[in-house]
Amino acid sequence: QVQLVESGGGLVQAGDSVRLSCAASGRTRGTSFMGWFRQAPGKEREFVALITWTNSTAQYGVSARGRFTISRDGAKNSVYLQMNSLKPEDTAVYYCAATSTSYNYIPSRYVRPDTYAYWGQGTQVTVSS
């Protein structure tokens, strides 16, 4: 089992920046991909970004490109999401996710939430206009 704990959410204004953190614990050895998803009220869970644990290759969803940056710190077993130029439409609960795979590339299906085995409890980000 892998436990994931997110932190860093809150209420911000449009144009502000926020950095989310996700700390992994438990049986983290073998974790291959870690990702961020978000879910706004009444909407499906949306892919934001993912990063490979071995070489930090990143992939971003459409809403994140150019504004968000995902990174990791192997020594701290943590993944981060730096979000800049926030917009009201970024308001959502942000979830950290992790999974283990044997791929040395990122198959396209890893933008789907059902491909991740472990999830954090989520952290709310609210962007006011």
Side-chain angles (χ1 to χ4, degrees):
Q1 286 281 31
V2 175
Q3 293 78 43
L4 304 173
V5 178
E6 303 97 334
S7 61
L11 174 63
V12 299
Q13 293 189 332
D16 283 353
S17 298
V18 165
R19 188 192 193 211
L20 304 182
S21 300
C22 173
S25 61
R27 304 180 76 171
T28 58
R29 190 173 182 178
T31 296
S32 305
F33 298 162
M34 291 191 71
W36 287 97
F37 289 78
R38 68 185 185 185
Q39 189 164 19
K43 295 189 177 181
E44 294 186 351
R45 196 162 292 193
E46 176 191 9
F47 170 71
V48 176
L50 73 86
I51 191 166
T52 62
W53 203 248
T54 53
N55 59 10
S56 297
T57 300
Q59 183 172 319
Y60 296 92
V62 172
S63 60
R65 290 172 196 161
R67 298 188 300 130
F68 297 178
T69 302
I70 189 171
S71 62
R72 70 167 188 86
D73 183 333
K76 296 183 178 179
N77 271 347
S78 293
V79 173
Y80 308 97
L81 185 68
Q82 177 68 41
M83 303 190 293
N84 298 329
S85 302
L86 284 163
K87 305 174 183 178
E89 50 264 44
D90 294 317
T91 295
V93 177
Y94 284 73
Y95 295 92
C96 178
T99 195
S100 298
T101 79
S102 59
Y103 295 108
N104 59 5
Y105 66 99
I106 304 174
S108 59
R109 64 177 177 270
Y110 283 93
V111 302
R112 295 188 345 230
D114 63 349
T115 56
Y116 289 79
Y118 306 103
W119 290 86
Q121 81 288 350
T123 185
Q124 176 72 46
V125 174
T126 302
V127 185
S128 63
S129 57

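Heavy atoms only: backbone and side chains are in, while hydrogens, waters and symmetry mates are out.
Considering every non-hydrogen atom in both Gly120 and Tyr95, the closest pair reads O-CD2, 3.6 Å. Annotation for Gln59 and Ile106: closest pair OE1-CG2, 3.3 Å, computed over non-hydrogen atoms. Shown here for Tyr105 and Pro107, the closest heavy-atom pair between the two residues is O-CD, 3.1 Å. Considering all non-hydrogen atoms of both residues, Ser129 and Ala14 come closest at CA-CB, 4.3 Å. When all heavy atoms are compared, the tightest approach of Val5 to Gln121 is CA-OE1, 3.8 Å. Of all heavy-atom pairs spanning Ser17 and Asn84, the tightest one is OG-OD1, 2.9 Å.
For Gln1, the side chain to side chain contact (heavy atoms under 4.5 Å, CB included) partners are Gln3, Tyr118, not counting sequence neighbours.
Here the CZ-CG distance, from Arg109 to Asp114, works out to 10.0 Å after rounding to the nearest 0.5 Å. Annotation: the span from Ser25 atom OG to Asn77 atom CG amounts to 8.5 Å, rounded to 0.5 Å.
Looking only at side-chain heavy atoms (C-beta outward), Tyr94 and Met83 come within less than 4.5 Å of each other. Proximity of Val125 to Arg38: side-chain heavy atoms (C-beta onward) are nowhere separated by under 4.5 Å. Considering only heavy atoms from C-beta on, Tyr80 stays 4.5 Å or farther from Cys22 through its side chain. Taking 4.5 Å as the limit, every side-chain heavy atom of Glu6 sits out of range of all side-chain heavy atoms of Leu20.
Side-chain atoms of Tyr60 come within 3.5 Å of backbone atoms of Ile70 as a donor-acceptor pair (strictly under, hydrogens ignored). The main-chain N or O of Tyr110 is found under 3.5 Å from a side-chain atom of Tyr116 such that the two form a donor-acceptor pair. Of the possible polar contacts, none joining the Thr126 side chain to the Thr91 backbone as a donor-acceptor pair under 3.5 Å is found. Under the 3.5 Å distance criterion, the side-chain polar atoms of Thr52 are matched with a main-chain donor or acceptor of Thr57.
A single hydrophobic cluster is not seen to contain both Leu4 and Phe47; linkage of ILVMFWY side chains at heavy-atom distances under 4.5 Å, directly or through other members, places them apart. Put simply, Met34 and Trp36 are part of the same group of oily side chains (I, L, V, M, F, W, Y) that touch within less than 4.5 Å, one to the next. Residues Phe33 and Trp53 are members of separate hydrophobic clusters, defined by side-chain heavy-atom contacts under 4.5 angstrom among Ile, Leu, Val, Met, Phe, Trp and Tyr. Placement of Leu50 and Tyr103 within a single hydrophobic cluster is found when ILVMFWY residues are connected by side-chain heavy-atom separations under 4.5 Å, directly or transitively.
Ring orientation note: the planes of Phe37 and Trp119 are tilted relative to one another, at an angle of 30° to 60°.
Counting non-hydrogen atoms of neighbouring residues, nucleotides and ligands closer than 6.0 angstrom, the CZ atom of Arg65 exceeds 12 such neighbours.
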